[in-house]
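Below is one structure, written out as structure tokens; comments come after it.
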Amino acid sequence: MYRSHTCGELRLTDENKIVKLSGWVQKIRNLGGMTFIDLRDRYGITQLVLDVESRKDLSTQARQLGREYVIQVTGKVAERSNKNSKMGTGDIEILVDEFVLLNPSDLPPFTIEDETDGGDELRMKYRYLDLRRNPVRRNLELRHKLGFEVRNYLNKQNFIETETPVLIKSTPEGARDFIVPSRMNPGEFYALPQSPQVFKQLLMVAGFDRYFQIVKCFRDEDLRADRQPEFTQIDCEMAFVEQQDILSTFEGMTKHLFKTIKNVDFDFDFIQMTFDEALKNYGSDKPDLRFDMKFVEMKEMLGQTDFVVFDDAEYVGGICAEGCAGYTRKDLDKLTDFVRKPQIGAQGLVYVKCNTDGTFKSSVDKFFDEAKLAKWAEAFGAKPGDLLLVLAGPTDKTRKALCELRLEMGNRMGYRDKNKFAPLWVVDFPLLEWDEKTNRFHAMHHPFTSPKKEDLALLETEPGKVRANAYDLVINGVEIGGGSIRIHNDELQHKMFQLLGFTEQDAESQFGFLMNAFKYGAPPHGGVAFGFDRLTSLFAGIDSIRDVIAFPKNNAGRDVMIDSPSPVAEDQLDELNIELKKAK
RNA sequence: GGUCUGGUAGUUCAGUUGGUUAGAAUGUCGGCCUGUCACGCCGAAGGUCGCGGGUUCGAGUCCCGUCCAGACCGCCA
């Protein structure tokens, strides 16, 4: 037996028990006549004491120990004379009677502490050491709890967890596929799933009625802090449902998770905001509603002015930053630089300070008198002491820039509190998006998304205006999940493929199996997929999903710990009938 | 594909206009210390300034290239 207790569980009530503990040496404090050792495992830290007078041999042995040595000790639980209220086990210590060195350790390259001295690069290379640290382990414990509660909730709702294949078929729609060569079928390749999309629809045709899976998905696109080449979805599908049924079910799941894990009550129905509203008011299809600061469109109010920047602009709009009229020239210059960054792309920034004395000071005083600025303030609902920030330019681009500015102001004003949660559904996404590069439409969500019934006629005339039965769950400006009601009729599905520029043959060879399935009594169905990594990072209050993944990849898609991807042996390539092009 | 930031001791960082022997903290090692828990005190070791080239009397510092890491834009149905 290696241990009778863990390093986190002994209390004063265990006094005088003879116990056996195993764990890692966190820290040794040698005071000469007396040595303290902090012994750590996943559950906590217990202090060991060695007294040189009573056990000289043990004290000498203890001096040989180093950080992260694995040891086993036997001893008696004793009350501390100096208690430590910061630790759960702070009232007791173990008077060591015997110890065994189970395994020594090299000196770790960084300290295994909550506030480590290690940088990201080192921590990723030695991820197994990083995972010993409380904050990282806690994130994975949180992930475990979330997964557990998802299963718990969906199980109670009659969902069946079903596995779907990982080696599937490459399709041209959407993200780039990771492909896997087939040895037994020379010259042919599997693809790893971008999501189990078609399989879950086929499960609906099969009558499974309610399916879910916590499943890895793969997309070979460039990465970000919140994007990994392999990531995990809570993938769900339901039959005989309308959009609202799905929203209710998964709003319920979201509330359940927040209640059971964060003890946060959402005692209201989530807002359902249309895609158009979201763009008009927040410049984004994933607005952060932890704060208001809605856009105010000014073009109509302005009419013809002498200010050429406004007159030439397709869109003029702004936000009101409450209580920010005190911003200095330097602050405003910084904001101007911010919006002019190439990633934001605005040409400039117009500000109006609504002074507390009722006067106005703006960067466009030359063109607009006090009376006009007062009218602006009224339109913005601004009070004395507020600051108006206005951008002008092409509609889409300017809204996007204004969105970034709004978020930046939200940060500066402390509105984006990690402990506050603002969920909403964004609904009525467009069905199709025009792609300038390829000169064709592509599906905004995916090609199996159904158009709204009332917009069906537009499919022939103005496909770009057709709205879809598609929806996203957005929390704090992060897209946590998304889904749609699917097409369940092969005729409409054919038409969709046609609109997307598929030839009859391509559609048949790539998705024939699905349309064929639809001929055998496919039930109306729809579903949703949640980004499990993002959901976990939201719950953990961190921005990067890497910290909630045990072994993540870096921003170039590399695993720096195992050093992958890597070249393979010539023999392996031969077997697969693959010849590499010479590197450029 | 692009933009930006960084790379100096085991680690986290500082390093002035280009100028003497590249510093601090922490960690490590050695000594002292019987109530520590960020133990304390004394001492020591520890450097390919990412790599390659260039400018210069002289480069950690300036220039070019390259590699690595991170953030973002494009991309991601």
Side-chain angles (χ1 to χ4, degrees), chain A residues 26-40 45-54 59 63 66-68 78-87 89-91 93 106-126 129 171-177 194-195 197-198 217-229 231 338 341-345 397 400-401 404 429-433 435-437 441-449 468 470 472 479 482-484 496 500 529 531 543-544 546 553-558 560 563:
Chain A
Q26 173 76 24
K27 181 119 201 165
I28 300 176
R29 289 179 296 278
N30 191 321
L31 275 68
M34 169 167 260
T35 303
F36 297 99
I37 299 173
D38 287 341
L39 191 68
R40 186 199 72 237
I45 286 179
T46 297
Q47 175 167 286
L48 315 176
V49 206
L50 299 152
D51 182 3
V52 77
E53 241 167 64
S54 51
S59 293
R63 296 208 77 163
R67 269 161 49 198
E68 301 306 310
E79 183 173 5
R80 290 202 202 181
S81 56
N82 278 358
K83 297 192 170 61
N84 184 342
S85 59
K86 288 182 222 155
M87 310 172 63
T89 62
D91 287 350
E93 61 195 357
D106 277 359
L107 189 66
F110 52 88
T111 56
I112 314 291
E113 282 161 15
D114 290 7
E115 298 287 332
T116 181
D117 63 359
D120 292 348
E121 210 173 331
L122 259 188
R123 289 173 40 213
M124 284 304 165
K125 187 168 175 194
Y126 298 91
L129 295 182
T171 59
E173 275 290 315
R176 240 175 251 119
D177 285 318
Q194 296 175 26
S195 80
Q197 184 59 38
V198 290
C217 302
F218 306 87
R219 293 178 192 173
D220 186 9
E221 295 293 344
D222 286 3
L223 307 174
R224 293 285 187 280
D226 64 347
R227 267 162 35 190
Q228 285 271 303
F231 59 99
F338 174 82
K341 281 197 299 192
Q343 289 94 325
I344 310 283
K397 202 174 164 188
K400 212 178 142 198
E404 296 297 333
F429 278 82
L431 182 69
L432 302 164
E433 227 173 357
D435 187 339
E436 297 284 348
K437 267 183 243 156
F441 282 108
H442 69 238
M444 191 153 183
H445 186 57
H446 58 51
F448 316 109
T449 299
D472 278 356
E479 184 197 326
S484 63
M496 234 352 237
L500 294 171
D543 293 323
S544 171
R546 282 175 214 166
K553 294 186 172 52
N554 74 4
N555 65 353
R558 298 200 67 87
V560 296
D563 192 24

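Throughout, a chain's letter reflects where its sequence line sits, starting with A, and its residues are numbered from 1.
- With hydrogens and angles ignored, no donor-acceptor pair closer than 3.5 Å exists between the side chain of A:Arg224 and the base of B:rG70.
- When rounded to the nearest whole Å, the span between CG of A:Leu122 and P of B:rA9 equals 11 Å.
- Across all strands shown, the partner of B:rA44 is B:rU28, judged by Watson-Crick or G-U wobble contacts whose two distances both fall under 3.5 Å.
- Using a 4.0 Å heavy-atom cutoff across all strands shown, A:Lys83 reaches at least one base atom of the nucleic acid.
- Between A:Arg29 and A:Asp38 there is a salt bridge, with a side-chain nitrogen of the basic residue lying less than 4.0 Å from a carboxylate oxygen of the acidic one.
- With both ends at atom P, the span from B:rG52 to B:rU8 equals 15 Å, rounded to whole Å.
- Using a 4.0 Å heavy-atom distance criterion, A:Ile45 is classed as making no nucleic acid contact.
- Comparing B:rU3 with B:rG10, their P atoms sit 34 Å apart, to the nearest whole Å.
- Distance check on atom C1': B:rA9 versus B:rA14 gives 13 Å, rounded to whole Å.
- Side-chain atoms of A:Gln343 stay outside donor-acceptor range of the base of B:rG2, with no qualifying N/O pair under 3.5 Å.
- For A:Asp117 and B:rG27, a side-chain-to-base donor-acceptor distance below 3.5 Å is absent, hydrogens and geometry of angles not being considered.
- Residue contacts for A:Glu115: at a heavy-atom cut-off of 4.0 Å it reaches no nucleic acid atom on any strand shown.
- Counting to the nearest Å, the C1' atom of B:rC39 and the NZ atom of A:Lys86 are 12 Å from each other.
- As rounded to whole Å, 13 Å separates atom P of B:rG27 from atom CD of A:Gln26.
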What's the verdict on side chain to side chain contact (heavy atoms under 4.5 Å, CB included) for A:Gln194 and A:Asp177, showing C-alpha distance, side-chain angles and the deciding distance? CA-CA 7 Å; A:Gln194 296 175 26; A:Asp177 285 318; 2.6 Å; yes
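- Here A:Arg40 pairs with A:Glu68 in a salt bridge; the nearest charged N to carboxylate O distance falls below 4.0 Å.
- Contacts of A:Arg67 with the nucleic acid, taken as non-hydrogen atoms under 4.0 Å apart, involve only primed sugar atoms and P, OP1 or OP2.
- In this entry the distance linking CZ of A:Arg63 with C1' of B:rU34 reads 13 Å, nearest Å.
- Put simply, CG on A:Leu48 is 20 Å from P on B:rU34, counting in whole angstrom units.
- Side-chain to base pairing of A:Arg219 with B:rC75: no donor and acceptor N or O lie closer than 3.5 Å to each other.
- The interatomic distance linking A:Asn30 (CG) with B:rU28 (P) rounds to 13 Å, in whole Å.
- Contacts of A:Lys341 with the nucleic acid, taken as non-hydrogen atoms under 4.0 Å apart, are absent.
- For the pair A:Phe429 and A:Asp472, the tightest heavy-atom approach, listed with the atom from each and the gap, is CZ-OD2, 3.3 Å.
- Within 4.0 Å (heavy atoms only), A:Val49 reaches no atom of the nucleic acid at all.
- If you check distances only, the side chain of A:Arg80 does reach the base of B:rC37 with a donor-acceptor pair under 3.5 Å.
- Taking 3.5 Å as the limit, the base of B:rG70 and the side chain of A:Asn554 contain no donor-acceptor pair of atoms between them.
- Counting non-hydrogen atoms under 4.0 angstrom, A:Phe110 reaches nothing in the nucleic acid.
- Residue A:Pro447 is in base contact, counting any heavy-atom pair closer than 4.0 Å across all strands shown.
- One interatomic measurement links the two molecules: CG of A:Leu50 to C1' of B:rC37, which rounds to 15 Å at whole-angstrom precision.
- A:Leu431 is listed as a side-chain neighbour of A:Met496, based on a closest heavy-atom distance under 4.5 Å.
- Among the protein residues, A:Glu53 comes within range of the nucleic acid bases, having at least one heavy atom under 4.0 Å from a base atom.
- Heavy atoms of A:Arg123 sit nowhere under 4.0 angstrom from any nucleic acid atom.
- The nucleotide B:rG70 finds its pairing partner in B:rC4, both defining distances of the Watson-Crick or G-U wobble pair being shorter than 3.5 Å.
- Distance check: A:Glu113 CD to A:Arg67 CZ gives 7.5 Å after rounding to the nearest 0.5 Å.
- Within 4.0 Å (heavy atoms only), A:Glu173 reaches no atom of the nucleic acid at all.
- Residue A:Arg29 places no side-chain N or O under 4.0 Å from the OP1 or OP2 atom of B:rU36.
- Residue contacts shown for A:Leu31 include a base, since a base heavy atom lies under 4.0 Å away.
- Rounded to an integer number of Å, the gap from CG of A:Asp38 to C1' of B:rU36 is 9 Å.
- Put simply, the side chain of A:Asn84 and the base of B:rC37 share a donor and an acceptor less than 3.5 Å apart.
- Atom CG of A:Asp106 sits in a sparse spot, with 12 or fewer heavy atoms from other residues, nucleotides or ligands closer than 6.0 Å.
- When heavy atoms are screened at a 4.0 angstrom cut-off, A:Thr35 is found touching no nucleic acid atom at all.
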